[in-house]
Amino acid sequence: MSRESWRAGNMLYPLPAVMVSCQSPGEKPNIITVAWAGTICSSPAMISISVRPERYSYDIIRETGEFVVNLTTERLVRATDYCGVRSGRDVDKFREMHLTPGKSVHVSAPLIEESPVNIECRVRQVLELGSHHMFVAEVEGVDIDSRYLDENGKFQLNKAGLMVYSHGEYFGLGKKIGSFGYSVRRRK
């Protein structure tokens with residue numbers, strides 16, 4: 001097997017491509033697509049998103065201290081891409097992509113009704129790292145689409161058709177290949 005060494009860069013793929021919604025008081029709501037997002041703590045529940053300071057949403061999030069992370073699906077792939085390449089300075093992304101801004105329970109930023117999961121967040125810290133600044137946020141609440149609850153009330157998120165971003169491309173998640181702890185479970 002042959003190996004090559006490349007310059008330092010981000011190659012940690014695939015990543016969730018999430019749509020982050022935000023809104024300044026009295027202004028139209030906005031959406032920014034973020035691939036630099038992730039879980040950073042379980043208790044308290046915390047996540048991070050990293051945004052370039054020149055992006056329109058950056059100042060909104062910095063000033064309001066809140067945002068909503070909206071998970072994306074194969075059905076939302078066009079909107080996900082559009083919200084990452086068009087600026088909210090120039091277009092109303094909710095209107096252009098026929099998305100519905102919904103009322104969040106814990107923050108003022110709207111959620112995206114078409115998303116199966118909306119994670120309401122309040123910024124706790126901003127780390128100015130370089131090309132991107134990381135918003136470290138506490139999860140204030142999670143809103144789910146009840147269509148994905150089974151008859152026992154279990155949330156069936158994997159039936160929502162989630163998608164990921166990998167090295168410039170979007171992919172739908174494939175078939176189940178295992179579950180947490182399966183490698184050490186006793187066989188019957």
Using a 3.5 Å distance criterion without hydrogens, assess whether the side chain of [X] forms a donor-acceptor pair with backbone atoms of [Y].
X: Glu114; Y: Thr100; answer: yes
X: Gln156; Y: Leu149; answer: no
X: Thr33; Y: Met19; answer: no
X: Ser115; Y: Leu71; answer: yes

* To do: Establish, yes or no, whether a centroid distance under 6.0 Å links the rings of Tyr58 and Phe135.
  => yes

Using a 6.0 Å cut-off, check whether atom [atom1] of [X] has over 12 heavy atoms from anything other than its own residue.
X: Arg185; atom1: CZ; value: yes
X: Arg122; atom1: CZ; value: yes
X: Lys28; atom1: NZ; value: yes

* Structure fact -> Students should find that the hydrophobic cluster of Tyr56, defined by side-chain heavy atoms under 4.5 Å apart, otherwise consists of Ile60

* Are Asn70 and Ser21 close enough that a side-chain donor and a side-chain acceptor fall under 3.5 Å? -> yes

* **Those residues that, when tested against Arg147, pass side chain to side chain donor-acceptor pair (under 3.5 Å) (two or more places apart)** => Asp145

* Angle class for the Tyr148/Phe155 ring planes (parallel below 30°, perpendicular above 60°, tilted otherwise)? -> perpendicular

* Intermediate values then yes/no, salt bridge (charged side-chain N to carboxylate O under 4.0 Å, His left out), Glu128 and Arg62 -> CA-CA 12 Å; Glu128 298 182 5; Arg62 187 90 190 217; 3.2 Å; yes

